[in-house]
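Below is one structure, written out as structure tokens, with a few remarks after it.
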Number of protein chains: 2
Amino acid sequence: MKYHLDMDVTLLDRLLQIGELFQRDMARAFAGTGFTPARLRVLWVLQHDGSMTQQALAAQLDVTPRNVSGLVDALEASGHVRRTPHPSDRRAVLVELAPRTARIMSRMQREHEELSATLLDAVAPADRAAVERGIGAIADRLAVLVEDAEEGAEA
Amino acid sequence: MKYHLDMDVTLLDRLLQIGELFQRDMARAFAGTGFTPARLRVLWVLQHDGSMTQQALAAQLDVTPRNVSGLVDALEASGHVRRTPHPSDRRAVLVELAPRTARIMSRMQREHEELSATLLDAVAPADRAAVERGIGAIADRLAVLVEDAEEGAEA
DNA sequence: CCAGATAATGAAGCAAGGTAACTATGAAGT
DNA sequence: ACTTCATAGTTACCTTGCTTCATTATCTGG
């Protein structure tokens, strides 16, 4: 009841639809858990790259350090993350995932891979290789276009 | 500097990357114009389906009527939209696109189609048909999965 | 050893988007 | 006619994510 698939559906329409569906599903899956998108990104980076200082987190997430403070505050209050003193720099803290949360993230990673397989399974076998190549090519092309646009906007 | 494309990049990773790139580009393109995603969706629906009441807009956009009020407030203040009295219901107002904004939306539609063509152009010619079929199949499968999940969550 | 950079936080604020409770109007049944 | 109920919008308030500016504590290089 939300997609007007009547006429002229472009490739881009479909890709946007996919993006929107992902967002909707994320929002539903984490509703009421206290996991917001920004907080999930923090957890994701910690899972992927291990403990790090808030400065490093800010750089990875491309947000201000002040912001990371707030996000880590929330995650620490809910027990998903711990602040431990940095071994060699008493100004800094190391943010690390709580073991329980690390397990949650691993499970999410697994579900992520399963979903990927399920989606590929929806594609006709003869088309799969082409789809994987094609989506990669589209992502790369789009990355270049967006980067160029951003550089142009700075000037 | 934000995508870790090192190992094990799944199809889903690529699709998520594409979604994120779109969002980034949208955010950049409309920064400073007062067009936010929610407001753009309002304009899009008005362009596509013509003038309607705020209730109808709320239903189309799947947001609360209150929210539509705020969005229309902002769009009216910037002159992109007009509120006119409903001819037969004095409670309701009809929201209509300003002509100038309708032209802007048409231009966006054209750019949208151009971008779609550009992205398809990045795909090897021999893969194009398969990619179009495949992305359609993925979008459909994902739509079913998300809807099922939402129904399951209600129960 | 001190001048300046750096890590984190406190205080305040902004824009976007959301819900809940309220007012005004319409519609339907007796 | 009039009571009841549904509907259209809006006023008030909350949360999230993010920002800037100022402050404290610590590190580092001349």
Side-chain angles (χ1 to χ4, degrees), chain A residues 2 20 23-24 26-46 51-78 80-96, chain B residues 2 20 23-24 26-46 51-78 80-96:
Chain A
K2 211 157 150 201
E20 193 178 329
Q23 276 187 265
R24 247 172 75 189
M26 288 285 212
R28 181 200 54 75
F30 297 114
T33 66
F35 282 1
T36 63
R39 290 175 204 170
L40 272 172
R41 276 191 288 274
V42 171
L43 297 178
W44 185 256
V45 169
L46 289 174
S51 302
M52 62 181 75
T53 67
Q54 297 188 175
Q55 294 292 327
L57 267 174
Q60 285 286 322
L61 297 167
D62 198 25
V63 299
T64 63
R66 180 63 189 90
N67 214 337
V68 173
S69 263
L71 295 170
V72 171
D73 282 350
L75 289 168
E76 192 177 35
S78 56
H80 292 294
V81 132
R82 277 191 299 240
R83 272 189 249 240
T84 57
H86 190 288
S88 65
D89 186 340
R90 272 181 300 173
R91 295 169 302 177
V93 298
L94 281 179
V95 184
E96 70 178 9
Chain B
K2 212 159 148 200
E20 193 178 329
Q23 276 187 263
R24 247 172 74 188
M26 287 287 211
R28 181 199 55 75
F30 297 115
T33 66
F35 283 1
T36 63
R39 290 176 203 169
L40 273 171
R41 277 191 288 272
V42 171
L43 297 177
W44 184 256
V45 169
L46 290 174
S51 302
M52 64 180 73
T53 66
Q54 297 189 175
Q55 295 292 328
L57 268 174
Q60 285 285 322
L61 298 166
D62 197 26
V63 298
T64 63
R66 174 57 189 97
N67 219 332
V68 173
S69 263
L71 296 170
V72 171
D73 281 351
L75 290 168
E76 192 178 36
S78 56
H80 289 111
V81 130
R82 278 190 299 240
R83 271 189 249 240
T84 58
H86 190 287
S88 66
D89 187 340
R90 272 183 297 172
R91 295 170 302 176
V93 298
L94 281 178
V95 184
E96 71 180 6

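Every chain is numbered from 1 and lettered A, B, ... according to where its sequence line falls, protein lines coming before strand lines. Please read all numbers here as calculations on a predicted model, not as lab measurements.
To the nearest 0.5 Å, atom OG1 of residue B:Thr33 and atom CZ of residue B:Arg39 are 9.0 Å apart. Taken from CE in A:Met26 to CZ in A:Arg24, the straight-line distance is 14.5 Å, to the nearest 0.5 Å. To the nearest 0.5 Å, atoms CD (B:Gln55) and CZ (B:Arg91) are separated by 8.5 Å.
The base of C:dG18 has none of its N or O atoms less than 3.5 Å from a complementary donor or acceptor on the side chain of B:Arg66.
Taking only side-chain nitrogens and oxygens, A:Asn67 comes nearer than 4.0 Å to OP1 or OP2 of D:dT19. Note on B:Gln54: every side-chain N or O is 4.0 Å or more away from OP1 and OP2 of D:dT7. The shortest distance between the side-chain N/O atoms of A:Thr53 and the OP1/OP2 oxygens of C:dA7 is not below 4.0 Å. Checking the phosphate oxygens (OP1, OP2) of D:dT19, a side-chain nitrogen or oxygen of A:Thr64 falls inside 4.0 Å. In this structure, A:Ser69 reaches the C:dT9 phosphate: one of its side-chain N or O atoms is under 4.0 Å from OP1 or OP2.
Annotation: proximity of residues 70-78 of chain A to DNA chain D (heavy atom, distance under 4.0 Å) is found for no residue.
Side-chain contact between B:Thr53 and B:Val95: absent, with no pair of heavy atoms (C-beta onward) separated by less than 4.5 Å. Contact of the B:Leu40 side chain with the B:Phe30 side chain is registered, since non-hydrogen atoms from C-beta on lie closer than 4.5 Å. Residues B:Val42 and B:Leu75 are in side-chain contact: their nearest non-hydrogen atoms beyond the backbone lie under 4.5 Å apart. No side-chain heavy atom of A:Leu57 sits under 4.5 Å from any side-chain heavy atom of A:Pro65. In this structure, A:Met52 and A:Leu46 have side chains that are in contact, with non-hydrogen atoms separated by less than 4.5 Å.
In this entry the distance linking CG of B:Leu61 with P of C:dA16 reads 16 Å, nearest Å. When the P atom of C:dG18 is taken as reference, atom CZ of B:Arg39 falls 13 Å away, rounded to whole Å. Separating the CG atom of B:Leu40 from the P atom of C:dA16 is a distance of 12 Å, rounded to the nearest angstrom. A:Asp62 has its CG atom 16 Å from the P atom of D:dG17, to the nearest Å. When the C1' atom of C:dA16 is taken as reference, atom CZ of B:Phe35 falls 16 Å away, rounded to whole Å. Atoms NE2 (B:His86) and C1' (D:dT7) sit 12 Å apart, rounded to a whole Å.
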Filtered N/O pairs between nucleotides 3-6 of chain C and protein, under 3.5 Å:
residue: C:dT6; atom: O2; partner: A:Arg91; partner atom: NH1; Å: 2.5

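A:Thr36 comes within 4.0 angstrom of the backbone, heavy atoms only, and of no base. Counting any heavy atom pair closer than 4.0 Å across all strands shown, A:Val68 reaches no nucleic acid atom. Contact annotation for B:Asp89: backbone-only contact, meaning every heavy-atom pair under 4.0 Å involves sugar-phosphate atoms and none involves a base. If you check every strand for non-hydrogen atoms under 4.0 Å, B:Arg83 touches sugar and phosphate atoms only.
Of the residues near DNA chain D, B:Met52 and A:Ala38, the one whose nearest nucleotide (by heavy atom distance) lies more toward the 5' end is B:Met52.
Salt bridge status for B:Arg83 with B:Asp73: present, with a side-chain N to carboxylate O gap under 4.0 Å.
Of the N and O atoms on the side chains of A:Ser69 and A:Gln54, at least one donor lies less than 3.5 Å from an acceptor on the other residue.
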